[in-house]
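Predicted model only: the values in this text are computed from it and were never measured.
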Amino acid sequence: VGFSLSLRSRKTASFVVLAVANSVRASGVSAWLNMQGMLVNRRQGAVAFDFLGANSRIGADEKHRLGAWPEMYFRISMVAP
């Protein structure tokens, strides 16, 4: 149905990937996976949780439910030489 992947340094857990099937998105499983990830990482010593940005509502809707907002931190342009 879904999975999440987090990486942890000594005190910070970084939530890299969270994915759930479209058929269960409305069930709250994304929030449950986030909460379980925070609880596990907290038990292992994490005191900070980095959700690695939420610059788009597409694919980051769960982060927005946790209070994130879209904000551009960088802009990349490619030009021909």
Report the distance from atom CD of Gln44 to atom CG of Leu39, rounding to the nearest 0.5 Å.
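Here the rounded value is 11.5 Å.
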Just by distance, do the side chain of Arg42 and the backbone of Ala46 share a donor-acceptor pair under 3.5 Å?
yes
Are Val1 and Leu33 in one and the same hydrophobic cluster, where Ile, Leu, Val, Met, Phe, Trp and Tyr link if side-chain heavy atoms are under 4.5 Å apart?
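Same hydrophobic cluster.
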If every non-hydrogen atom of Asn41 is compared with every non-hydrogen atom of Phe49, which pair is closest and at what distance?
CB-CE2, 4.0 Å
Do you know which two heavy atoms are closest between Leu18 and Ser4, and how far apart they sit?
CD1-CB, 3.8 Å
Heavy-atom side-chain proximity of Arg43 to Val40 below 4.5 angstrom:
yes
